[in-house]
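First the structure, in the form of structure tokens, and then the observations on it.
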Amino acid sequence: MLDRKFILENIEAVKLNCKNRNVVADVDRFVELDQARREKQQELEALNRESNAVAKQIGKCATPEEREAKKEEGRAIREKLVALEKEVKDLEAQEDLVQRTIPNMAHPDSPIGNDDGSNTVVEYGPTPLPKWSEGFKPLDHVELAEKYDLIDFEGGARVAGAGFYFLKNEAVMLELALEQFAVNKLVKKGFTPMITPDVARNDVLQGTGYIPRGAETQIYSIDKTDLSLIATAEITLGGLLANETIDSEKLPLKLCGVSHCFRTEAGAAGRASRGLYRVHQFSKVEMFVFCLPEQSESFHAELLGIEREIFDDLKIPYQVVDTATGDLGGPAYRKFDIEAWMPGRNAYGEVTSTSNCTDYQARRLNARYKVKGEKGSHFVHTLNGTAVAISRALLSVLEMGQQEDGTIVMPDALLPYLSFDRIGPKN
RNA sequence: GGAGAGGUGGCAGAGUGGUCGAAUGCGCGGGUUUGCUAAACCCGUGAGCUCGUAAGGGUUCCGCAGGUUCAAAUCCUGUCCUCUCCGCCA
């Protein structure tokens, strides 16, 4: 959420931001509701004051008659109080609903545009695009997986439906190697490694900006509980500080979470979805940072730098994209994606995403920090970034590693975690 | 899954219907004393919202949500969490 006062003091800027982000939010309605709510709140507080005063007098009444009279007075106030409380609550709920639809402000440098067509490429990775000889047709990862018995899509579909799969043989080792590679790197960079729950309470989902139920939801919910399968460890890691006030000295908190991720991909039918590219379940190593407001921009650069380093190490060509305002989603102030070159699609495809959510996510989560010796508390800033989304990284490694002799060479960076350096025909 | 116990301020820990935003201790901040340090002593010390230029005021908050009552940390219901014991189990 955006700060209530900020909205009221920057109505025009907030409206323009909604327009740039292609989000429909009724800012005027919010202002009206806030005004009305505050007036009612004042009334309520006045009445409360009265009620408290009467209640206090009763304790000191000398005679039973006096007491009864005061009680009657109290009862009358209470009746009014109940009605007024309901009014205030209703207004609050309405106001909150509108406030939640207002997206975060965008970074002044974020490209302005309605959709991903306005995303701008800001740089390319150092690994060159593959140069195969004339006439060599690279296989895509589905064909490679078939050839070397690495992934069982049919089995996955039989057991759990389309979009699920079994990894087999070297693909299993590759998943584990990618995880270890990423986690080891992050630990060296001061991140605390965590394996998180794969489910979370729905209020944690909402706090991090995910909508657990509804027609458009990306989220699988678990029947008869208020739990959902997580779409990313961002949810569980973000929830870690929900309703907490942390000492500023303990910040920044750099966390790296390993989890499974589940996505319904509702409405994604027909979109590029062959093979591992768009699946209902995958594993992911995610970075998450809680920090002071003045630190968030530099941490955002750090997260992007780590993502680049990982794909540099894996020898995968990529481009870095500065996400346009219309494609940012609700919580991000700024977002960079890495799009890896995928020979099978003959195109770049998103493999990581890192967002600076400033205090937007923290406000919903109610994650605060306190500076020793200072009055009050403030909202932390939160950032998240993909270290490795295994499914897509695996796809990239397989497709990029293929040689003209048909074998698939593993990147050096993974060799410490693998018992083979090449995938080829089985004996 | 069964049986109990409990969730109070940064921490520990009192408080079982009104005088409780909450004793006391520790911690923390400031001060006095002191050659320095320590000790001792004194004063102060939660957060949210809101009114006010400010000083300051009001209101809400004792896990969370409801209920009873003129009045709830305190009584009732539900719920979440923690701990102990038993059972089951990778």
Side-chain angles (χ1 to χ4, degrees), chain A residues 1-9 30-100 195-207 212 221-222 224-228 235-236 239-251 253 260 290 359-360 362-380:
Chain A
M1 284 187 289
L2 274 188
D3 179 45
R4 206 177 48 72
K5 279 187 207 150
F6 177 86
I7 301 172
L8 297 174
E9 285 161 14
F30 174 80
V31 175
E32 281 169 32
L33 283 168
D34 186 72
Q35 175 77 23
R37 194 214 86 222
R38 262 191 295 175
E39 278 167 20
K40 281 290 167 197
Q41 182 127 354
Q42 299 282 318
E43 273 181 55
L44 176 70
E45 284 183 7
L47 203 57
N48 252 328
R49 203 173 312 145
E50 214 180 307
S51 158
N52 288 344
V54 171
K56 268 193 182 163
Q57 288 164 19
I58 291 177
K60 291 169 187 150
C61 280
T63 68
E65 292 77 28
E66 236 181 286
R67 212 180 177 84
E68 269 316 308
K70 281 288 175 193
K71 272 192 179 186
E72 194 43 57
E73 196 183 330
R75 266 191 284 268
I77 292 175
R78 185 188 156 85
E79 245 172 70
K80 281 193 272 179
L81 216 46
V82 167
L84 203 51
E85 264 172 13
K86 186 177 180 318
E87 276 186 78
V88 171
K89 265 197 182 173
D90 284 351
L91 284 168
E92 257 176 9
Q94 287 181 59
E95 185 182 4
D96 185 64
L97 228 52
V98 181
Q99 191 176 356
R100 279 168 188 268
I195 293 179
T196 91
D198 285 339
V199 300
R201 288 223 168 76
N202 288 330
D203 54 289
V204 175
L205 283 261
Q206 265 154 357
S221 48
I222 302 175
K224 296 187 182 111
T225 69
D226 72 335
L227 295 171
S228 294
I235 293 169
T236 41
L240 225 41
L241 283 196
N243 299 314
E244 293 286 320
T245 303
I246 189 174
D247 222 332
S248 63
E249 289 161 17
K250 291 193 177 145
L251 294 174
L253 240 51
H260 294 114
F290 294 101
D359 62 356
Y360 189 90
R363 188 168 288 107
R364 249 192 225 179
L365 283 169
N366 192 25
R368 299 162 182 271
Y369 71 91
K370 183 175 168 31
V371 179
K372 259 198 181 138
E374 278 183 21
K375 277 247 171 213
S377 61
H378 316 273
F379 291 106
V380 300

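Note on naming: letters A, B, ... go to the chains in the order of the sequence lines (proteins, then strands), and numbering restarts at 1 for each one. Only a predicted model underlies this, so the values are computations on that prediction, with no experimental measurement involved.
- In this model, the phosphate group of B/rG48 is approached by a side-chain N or O of A/S377 to a distance below 4.0 Å at OP1 or OP2.
- Partners of A/E92 under the side chain to side chain contact (heavy atoms under 4.5 Å, CB included) rule, at least two apart in sequence or in another chain, are A/R37, A/Q41, A/V88.
- In this structure, B/rU37 forms no base pair with any nucleotide, since neither Watson-Crick nor G-U wobble geometry is met with both distances under 3.5 Å.
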Using nucleotides 64-67 of chain B, report all nitrogen or oxygen pairs with the protein that are shorter than 3.5 Å.
unit_1 : atom_1 : unit_2 : atom_2 : d
B/rG66 : OP1    : A/K89  : NZ     : 2.8

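- Base pairing annotation: B/rU77 forms a Watson-Crick or G-U wobble pair with B/rA65, both donor-acceptor distances under 3.5 Å.
- Within a 6.0 Å radius of CD1 in A/I195, no more than 12 heavy atoms belonging to other residues, nucleotides or ligands are found.
- With B/rU69, B/rC80, B/rA47 as the choices, the nucleotide that has an atom nearest any side-chain atom of A/K370 turns out to be B/rA47.
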Yes or no on side-chain contact (heavy atoms from CB on, under 4.5 Å) for A/L47 and A/L84, after CA distance, side-chain angles and deciding distance?
CA-CA 9 Å; A/L47 203 57; A/L84 203 51; 4.0 Å; yes
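- At whole-Å resolution of the value, CZ in A/R37 and P in B/rG48 are 16 Å apart.
- Residue pairs satisfying the side chain to side chain donor-acceptor pair (under 3.5 Å) criterion with at least one member in residues 44-56 of chain A, sequence neighbours excluded, are absent.
- By the side chain to side chain contact (heavy atoms under 4.5 Å, CB included) test, A/E85 pairs with A/L44, A/L81, sequence neighbours left out.
- Of all the heavy atoms in A/L365 and A/G239, the pair that sits closest is CD2-CA, 4.3 Å.
- Taking the salt bridge (Lys or Arg N to Asp or Glu O under 4.0 Å) definition, one finds that A/E39 meets it with nothing, sequence neighbours left out.
- Comparing A/E73 and A/G376, the nucleotide of RNA chain B nearest to each residue sits closer to the 5' end for A/G376.
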Check nucleotides 51-56 of chain B for protein N or O atoms closer than 3.5 Å to its own N or O atoms and list the pairs.
unit_1 : atom_1 : unit_2 : atom_2 : d
B/rC51 : OP1    : A/R38  : NH1    : 3.3

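- Take A/Y360 and apply the ring pair (Phe, Tyr, Trp, His ring centres under 6.0 Å) test, not counting sequence neighbours, and it matches no residue.
- B/rG29 is paired with B/rC43 under the criterion used here, namely a Watson-Crick or G-U wobble arrangement in which both key atom distances are under 3.5 Å.
- In the interface, the side chain of A/R75 is not paired with the base of B/rU69 through any donor and acceptor atom under 3.5 Å apart.
- Across all strands shown, B/rU59 forms a Watson-Crick or G-U wobble pair with B/rG48, both key distances being under 3.5 Å.
- Between A/V380 and A/F290 the shortest heavy-atom distance is CG2-CD2, 3.9 Å.
- Across all strands shown, B/rU24 forms a Watson-Crick or G-U wobble pair with B/rA12, both key distances being under 3.5 Å.
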Dump the pairs, protein N or O against N or O of nucleotides 17-21 of chain B, anything under 3.5 Å, distances to one decimal.
unit_1 : atom_1 : unit_2 : atom_2 : d
B/rG18 : O6     : A/R67  : NH2    : 3.0
B/rG18 : N2     : A/A55  : O      : 2.8

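- In this view, A/D247 and A/K250, A/K372 satisfy the side chain to side chain contact (heavy atoms under 4.5 Å, CB included) rule, not counting sequence neighbours.
- Under the side chain to side chain contact (heavy atoms under 4.5 Å, CB included) criterion, A/E73 pairs with A/V54, A/K70, sequence neighbours left out.
- Remark: A/D96 engages A/R100 in a salt bridge (Lys or Arg N to Asp or Glu O under 4.0 Å) (not counting sequence neighbours).
- Comparing the C1' positions of B/rC76 and B/rA22 gives a spacing of 23 Å, expressed to the nearest Å.
- When both pairing distances are held under 3.5 Å, B/rA3 makes a Watson-Crick or G-U pair with B/rU84.
- Within the nucleic acid shown, A/K5 comes within 4.0 Å of sugar-phosphate atoms alone, with no base atom in reach, counting heavy atoms only.
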For nucleotides 57-63 of chain B, read 5' to 3', which letter fits each nucleotide if B means a protein heavy atom sits under 4.0 Å from the base, S means only the sugar-phosphate is that close, and - means neither?
-BSS---
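- Using the Watson-Crick or G-U wobble rule with both distances under 3.5 Å, B/rA54 pairs with nothing in any strand shown.
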